Amino acid sequence: MPSNENRSVPGSYNDSQDTVNMSATQWRTFFKDQNLVSLIDTALKNNQEMKITLQEIEIAKNDIRSRHAALLPTVSLRAGAELEKVGRYTSQGAGDASTEIKPGKEVPENLPNYMIGAYANWEADIWKKLHNAKKAAVTRYLATVEGRNFALTNLIAEVANSYYELLALDNQLGIVKQNIELQKSALEIVKVQKEAARATELAVQKFEAEVLKSQSMEFDILQSIKETENKINFLLGRYPQEIPRDKSDFLGLLPQAVSSGIPSQLLANRPDIKQAELDLAAAKLDVKVARAEFYPSLGISAGVGLEAFKPSYLVKYPVESLLYSLAGDLVAPLINRNAIKAEFNSANARQLQAIYNYERTILNAYLEVSTQLSNISNLEHSYDLKSKQVDALTRSIDISNDLFKSARADYFEVLMTQRDALEAKLELVETKKEQLNAVVNIYRDLGGGWK
């Protein structure tokens, strides 16, 4: 039997006493950028993956109808006509030869027969096998609904993360372009100094190489922007087009305040946990259905109709043409029970799988939230330090340029200062993007977005 270790979650995240959970906030309220809200709205309408998930729900709904139909009698209509000739020297042939089909007329050698009737078959669900099968189908339908909710919250998070990645790339492109202009200015200064014999050709080539490197980086970022735009368009289910967005003041964006609540709220908020729970309930019902296969099944069949050798008699003599039948069958497996045992054992194994999957899903949900909370805290400290680093390096560029002009610093120091400043600015933008993504991820991991 599985252990109880993963069946309950800790009482809090890192001893936090916060009981307010941000997942209760609707996504239209959670995201403030109207361009992003519009993109998410389009994705929810057009995303092909969501449409596939909706069809899975429809399939599960039809399975319920199928299981419900098994509880009801099967009724069918039948109409038929036949022509029969029996051998003269058989018991039926000898009897027909000495029988008058009507006064003064023998039974003809070729005897037609016409029939019309209704037949019904029904299995009495004495062991609740069919009822449990229907309950399992209903439970799996509810699980597919939760699966759709889980896909929904993941889609919202993926669109938002890609959108912030696009904004970050726009900002990095602007930084690189500014740096190229700064490097070109420095290159012109070095060329002038070379003409005045205050710098060498080596310095000129070094500065020119740095300009070329930054120009190459510009095209790399442009390609990343195109790829990210296409990724968003794919999520939105449309062909490539420009993504509307505000490219200004990316570093001024403030992440949402995080309220994680308590871990037990995950059981009600996370669709994947609820889906795993419903899958477990369905697996338990499957075991009951498999167990009922060992017991006898009671089938009842009935039929009523009209039968005569002339079609007109079906109307003229309905009472004489009446036929009916009623039968009951009690069938129990006696010898070949191995197949039933195998299915019962498989159902038990699937139930254990569902238990382990439920435990794993809860554990994964808690660890995801715990990881993101730690990530948000560390990114906050990292961003503050990187901001100070950028400020210091930005000031050092002016200082190094002044020193270089007065021949108190060599070109290598200028190059390294510019390079360090560029890298720090790009890292600062990356950290800001990670901050925004971390808040989106914690919102998703807490179960937000689908309500």
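Predicted model only: the values in this text are computed from it and were never measured. Index from 1, following the sequence.
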Without placing hydrogens or testing angles, list every side-chain donor-acceptor pair under 3.5 Å for residues 49-60, not counting sequence neighbours.
from	atom 1	to	atom 2	distance (Å)
Thr53	OG1	Glu49	O	2.9

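- A side-chain donor-acceptor contact under 3.5 Å links Asn47 to the backbone of Leu235.
- Between the side chains of Gln418 and Asn179, no donor-acceptor pair is found at a separation under 3.5 Å.
- Heavy atoms from other residues, nucleotides or ligands lying under 6.0 Å from CZ of Phe309 number more than 12.
- With a 6.0 Å radius and a threshold of 12 heavy atoms from other residues, nucleotides or ligands, Gln241 has its CD atom above the threshold.
- Interatomic distance, Tyr119 OH to Leu77 CG, rounded to the nearest 0.5 Å: 10.5 Å.
- Under 3.5 Å, the side chains of Glu227 and Gln223 contain a donor-acceptor pair of N or O atoms.
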For residues 151-166, which side-chain donor-acceptor pairs fall under 3.5 Å, sequence neighbours excluded?
from	atom 1	to	atom 2	distance (Å)
Thr153	OG1	Gly448	O	2.3
Asn154	ND2	Phe150	O	2.9
Asn161	ND2	Ala157	O	3.3
Asn161	ND2	Asn441	OD1	3.0
Ser162	OG	Glu158	O	2.9
Tyr163	OH	Asp33	OD1	3.4
Tyr163	OH	Asp33	OD2	2.8

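- Of the inter-residue distances, the one linking Lys274 atom NZ with Leu142 atom CG reads 10.5 Å to the nearest 0.5 angstrom.
- Scanning for side-chain hydrogen bond (donor to acceptor under 3.5 Å, both in side chains) contacts around Glu277 gives an empty result, with sequence neighbours left out.
- Thr228 places a side-chain N or O within 3.5 Å of a backbone atom of Ser224 that can act as its donor or acceptor partner.
- Residues passing the ring pair (Phe, Tyr, Trp, His ring centres under 6.0 Å) test with Phe412: none are found, sequence neighbours excluded.
- Asp286 pairs in a salt bridge (charged side-chain N to carboxylate O under 4.0 Å, His left out) with only one of the listed residues (Arg140, Lys129, Arg291), which is Arg140.
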In residues 34-41, what donor-acceptor pairs under 3.5 Å come from side-chain atoms, sequence neighbours left out?
from	atom 1	to	atom 2	distance (Å)
Asp41	OD1	Arg28	NH2	2.6
Asp41	OD2	Lys45	NZ	3.3

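- For the pair Lys451 and Asn269, the minimum side-chain heavy-atom distance is below 4.5 Å.
- Taking 4.0 Å as the cut-off between side-chain N and carboxylate O, Lys386 and Glu430 do not count as a salt-bridged pair.
- The local environment of CZ in Arg337 is crowded, with over 12 non-hydrogen atoms from other residues, nucleotides or ligands closer than 6.0 Å.
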Does the pair Tyr313 and Leu306 meet the rule for a side-chain contact (heavy atoms from CB on, under 4.5 Å), with working shown?
CA-CA 9 Å; Tyr313 286 5; Leu306 300 173; over 6 Å; no
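- A side-chain donor-acceptor contact under 3.5 Å links Gln172 to the backbone of Leu426.
- In the displayed structure, Lys135 atom NZ is contacted under 6.0 Å by at most 12 heavy atoms of other residues, nucleotides or ligands.
- Tyr443 contributes a side-chain N or O that, together with a main-chain N or O of Gly449, makes up a donor-acceptor pair within less than 3.5 Å.
- Formation of a donor-acceptor pair under 3.5 Å by the Lys284 side chain with backbone atoms of Gln351 is not found in this model.
- Of the possible polar contacts, none joining the Ser185 side chain to the Glu181 backbone as a donor-acceptor pair under 3.5 Å is found.
- Listed by chain and number, the residues in a salt bridge (Lys or Arg N to Asp or Glu O under 4.0 Å) with Glu343 are Arg350 (sequence neighbours excluded).
- Leu436 CG to Lys432 NZ: the interatomic distance, rounded to the nearest 0.5 Å, is 6.0 Å.
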Mind running side-chain hydrogen bond (donor to acceptor under 3.5 Å, both in side chains) on Gln275 and Asp279 for me, showing each step along the way?
CA-CA 6 Å; Gln275 182 182 19; Asp279 286 337; 4.6 Å; no
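- Heavy atoms from other residues, nucleotides or ligands lying under 6.0 Å from NZ of Lys388 number 12 at most.
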